[in-house]
Amino acid sequence: MNKIAQSVRLWFAPQRVRDEGVAPDYRFSLANERTFLAWIRTALALIGGGFAVDQFLPELVWGVRAGLALGLLAAGVLCALRAVNHWVRCERAMRRGEDLPVSRFPTLLGIVVAVVAVAMVVVVLFGWEGR
């Protein structure tokens, strides 16, 4: 079984993570859970922003509005999926006594949000109306 499939299976069977290594101090597991919840809140905010762009900016050209909304929605979906994956990877690393995993995802997410924000600044300043 490849590594990705094995990792995804752990998303749905977190009790299997407990079979590895030794239990870390519960404070670390709770901190990991709080980080997971912060990622989920970020995902929900991105998804809400995508819907807001689509619903509350009808005067925008359809392609611009759809592009901005889809960018935010896609970032929200990726953020939610990444939250689960990061939680599992960190929990496993703590149980195994390994270094916590690093990721390029925060950089990618930051770039996507920045690009959408710059596009929104352009829209606000120049008002791309769909007329």
Side-chain angles (χ1 to χ4, degrees):
M1 177 178 359
N2 69 28
K3 190 174 181 179
I4 294 173
Q6 182 181 16
S7 181
V8 171
R9 290 182 89 197
L10 287 175
W11 294 6
F12 300 101
Q15 68 277 7
R16 293 178 70 195
V17 173
R18 288 185 172 184
D19 295 339
E20 298 186 31
V22 296
D25 184 329
Y26 71 90
R27 293 173 291 182
F28 298 123
S29 289
L30 292 174
N32 190 28
E33 186 174 328
R34 284 190 301 273
T35 302
F36 166 78
L37 293 172
W39 279 99
I40 292 297
R41 284 190 302 273
T42 301
L44 289 170
L46 289 165
I47 291 167
F51 280 117
V53 165
D54 185 55
Q55 294 299 308
F56 298 118
L57 298 174
E59 68 278 356
L60 287 180
V61 174
W62 179 84
V64 173
R65 187 178 75 236
L68 293 172
L70 289 174
L72 289 169
L73 290 168
V77 168
L78 290 174
C79 191
L81 293 174
R82 183 66 178 115
V84 176
N85 188 46
H86 187 72
W87 176 83
V88 168
R89 290 175 61 211
C90 285
E91 197 65 30
R92 289 178 81 193
M94 287 188 298
R95 289 181 155 283
R96 293 175 174 177
E98 300 171 351
D99 289 339
L100 293 178
V102 295
S103 173
R104 292 185 186 109
F105 184 76
T107 302
L108 174 66
L109 180 63
I111 289 170
V112 168
V113 171
V115 167
V116 171
V118 167
M120 291 300 298
V121 167
V122 170
V123 166
V124 168
L125 289 177
F126 300 108
W128 290 355
E129 295 182 4
R131 294 181 187 165

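Computed from heavy atoms alone, side chains included, the values below leave out hydrogens, waters and symmetry copies.
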How close do Ser29 and Glu91 get, heavy atom to heavy atom, and via which atoms? OG-OE2, 2.8 Å
I need the Ile40 CD1 to Glu33 CD distance, nearest 0.5 Å. 11.5 Å
Are the side chains of Arg92 and Leu10 in contact, using a 4.5 Å heavy-atom criterion? yes
Heavy-atom neighbours of Asp19 CG exceed 12 at 6.0 Å: yes
Donor-acceptor pair between Ser103 and Arg82 side chains, under 3.5 angstrom: yes
How far apart are the closest heavy atoms of Ala43 and Ala80, and which atoms are they? CB-N, 3.7 Å
Under a single-linkage definition using a 4.5 Å side-chain heavy-atom cutoff for Ile, Leu, Val, Met, Phe, Trp and Tyr, are Leu72 and Val61 assigned to the same hydrophobic cluster? yes
May I ask whether Val113 and Trp39 are part of the same hydrophobic cluster, defined by side-chain heavy atoms of I, L, V, M, F, W, Y residues being less than 4.5 angstrom apart, directly or through others? yes
Kindly work out whether a path of hydrophobic side-chain contacts (I/L/V/M/F/W/Y, heavy atoms less than 4.5 Å apart) joins Leu44 to Val84. yes
Do Phe36 and Asn32 make a side-chain contact, defined as non-hydrogen atoms from C-beta onward lying under 4.5 Å apart? no
Ignoring hydrogens, what is the shortest heavy-atom contact between Val112 and Gly71? Give both atom names and the distance. CG1-O, 4.0 Å
Is it the case that one hydrophobic cluster holds both Ile111 and Val116, taking links as side-chain heavy atoms less than 4.5 Å apart, direct or via other members? no
Go through it in stages, so that I can follow the logic: the residues are Leu78 and Phe105, the test is side chain to side chain contact (heavy atoms under 4.5 Å, CB included), and I'd like the CA-CA distance, side-chain angles, deciding distance and then a yes or no. CA-CA 9 Å; Leu78 290 174; Phe105 184 76; 3.9 Å; yes
Decide yes or no for Leu81 and Trp11: does some side-chain heavy atom of the first lie under 4.5 Å from some side-chain heavy atom of the second? yes
Examine Leu70 and Val53 and state if one hydrophobic cluster contains both, with Ile, Leu, Val, Met, Phe, Trp and Tyr joined whenever side-chain heavy atoms are less than 4.5 Å apart. no
Looking only at heavy atoms, which two atoms of Ala93 and Pro101 are closest? And how far apart? CB-CD, 4.0 Å
Within the structure provided, determine whether Cys90 and Phe28 are in side-chain contact (heavy-atom separation under 4.5 Å). no
Roughly how far apart are Glu59 CD and Arg65 CZ, rounded to 0.5 Å? 8.5 Å
Within the 4.5 Å heavy-atom criterion, are Leu73 and Leu46 side-chain neighbours or not? no
Check: Trp87 and Thr35 side chains under 4.5 Å, non-hydrogen atoms: no
How about Val121 and Leu125: do any of their side-chain heavy atoms sit closer than 4.5 Å? yes
Salt bridge check, Glu20 against Arg95: does any charged N sit closer than 4.0 Å to a carboxylate O? no
Minimum side-chain heavy-atom gap Met120-Leu57 below 4.5 Å: yes
